[in-house]
2 protein chains.
Amino acid sequence: MSKRDPTLMSGVPELVLLRLLAQREMYGYDIARALKLLSHEALSLGEGVLYPALHALEARGLLRSRSRQVEGRMRIYYQATPKGRRRLERLAANWRRMSEGVERILGAHHD
Amino acid sequence: MSKRDPTLMSGVPELVLLRLLAQREMYGYDIARALKLLSHEALSLGEGVLYPALHALEARGLLRSRSRQVEGRMRIYYQATPKGRRRLERLAANWRRMSEGVERILGAHHD
DNA sequence: CAACTATACCTCGCATACCGAGGTATGAAA
DNA sequence: TTTCATACCTCGGTATGCGAGGTATAGTTG
């Protein structure tokens with residue numbers, strides 16, 4: 001069925017993947033490293049999340065990939081499609097909205 | 001097995017429930033309303049999330065409840081236990097950490 | 001040359017979280 | 001008497017995240 005919106009809970013992996021791959025072409029291993037680095041270790045996608053997520057996003061037309069041989073090793077480079085970018089905008093807006101909501105609740109003292 | 005930590009994705013419902021109920025005693029319907037209000041509609045826990053979550057948290061000793069009859073209607077009031085408050089601290093710290101991580105990735109231009 | 005480490009990909013199956021839809025019952029208002 | 005707001009509840013589906021495990025190559029080190 002047609003993929004309902006990520007509701008409350010995050011879909012953070014989808015979000016950050018699209019964000020990275022909207023910026024530039026990257027391959028799996030690369031993404032994992034970048035994610036740890038950029039988020040100061042706060043985020044880390046294990047391979048059991050990463051690869052299935054990449055495949056799913058590609059199948060949905062949000063990413064496209066090309067394989068390249070680099071120094072004997074095979075790499076699959078992904079980047080966001082236009083559709084993926086549009087999706088990213090939606091997800092990012094959503095995420096900010098909900099994260100601000102959480103922040104308000106964490107911050108307030110509700111007497 | 002013993003309940004692994006909420007990993008990447010949020011466990012936002014658990015977090016916000018504990019936060020509200022660390023502050024004051026509330027009952028289900030009340031919580032739903034407060035949540036919408038405080039978060040400016042950004043968060044809304046449907047009853048299919050809310051009640052099971054409350055039961056689960058109570059079963060884990062993070063909340064305790066008492067029933068009261070108010071104007072003919074039965075209400076079950078919940079509040080956070082000390083253990084629940086400690087859990088809240090952990091979850092809140094976790095959430096900030098990961099939300100900052102996401103923010104960094106959303107914000108940066110990764111050239 | 002054997003081991004080991006880093007790179008690079010992959011899948012399977014478990015657990016659990018979240019959600020919508022549906023169900024019950026009361027009191028007040030129309 | 002019907003409807004609305006209050007107030008609770010459960011069931012079943014789905015997807016999602018995750019760990020563990022598996023393959024293979026290139027380079028390093030003893």
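Small disclaimer: the values here were computed from a predicted structure and weren't measured. Every chain is numbered from 1, with letters handed out A, B, ... down the list of sequences.
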- Query: Counting any heavy atom closer than 4.0 Å, what does A:Arg33 reach on the DNA or RNA strands: base, sugar-phosphate only, or nothing?
  - Reply: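 Sugar-phosphate, backbone atoms only, no base.
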- Within the structure shown, what part of the strands sits under 4.0 Å from B:Glu47 by heavy-atom distance: base, sugar-phosphate, or nothing? base
- Enclosure of B:Glu71 CD (heavy-atom neighbours >12, cutoff 6.0 Å): no
Kindly say if [X] contacts the phosphate of [N], meaning a side-chain N or O under 4.0 Å from OP1 or OP2.
X	N	value
B:Tyr27	D:dA7	yes
A:Tyr51	C:dC10	no
A:His55	C:dC9	no

- Query: Nearest nucleotide by nearest heavy atom, which residue falls closer to the 5' end of DNA chain C, A:Met74 or B:Gly72?
  - Reply: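 Whichever sits nearer the 5' end wins; that is A:Met74.
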Would you mind reading off the distance between [X] atom [atom1] and [N] atom [atom2], rounded to a whole angstrom?
X	N	atom1	atom2	result
B:Ile31	D:dT6	CD1	C1'	15 Å
B:Asp30	D:dA7	CG	C1'	11 Å
A:Leu15	D:dA15	CG	P	20 Å
A:Leu17	D:dT16	CG	C1'	13 Å
B:Arg66	D:dC8	CZ	C1'	17 Å
B:Leu50	D:dT6	CG	P	15 Å
A:Tyr78	C:dA8	OH	C1'	12 Å
B:Leu54	D:dC9	CG	C1'	12 Å

Judged by atom type as modelled, is there a donor-acceptor pair below 3.5 Å linking the side chain of [X] to the main-chain atoms of [Y]?
X	Y	answer
B:Arg87	B:Leu62	no
A:Arg75	A:Arg68	no
A:Arg97	B:Glu41	yes

- Options D:dC9, D:dT6, C:dC9, nucleotide nearest the side-chain atoms of B:Arg75: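 From the listed options, D:dT6 comes nearest.
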- Message: Nearest to the B:Tyr29 side chain among C:dT11, C:dC9, D:dC8, which nucleotide is it?
- Response: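 The nucleotide sitting nearest to the side chain is D:dC8.
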- Upstream residue (5' side of DNA chain D) when A:Gly48 and A:Arg73 are each assigned their closest nucleotide: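 Result of the comparison: A:Gly48.
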- Message: Give me the atom names and distance for the closest heavy-atom approach of A:Thr81 to A:Leu63.
- Response: CG2-C, 3.7 Å
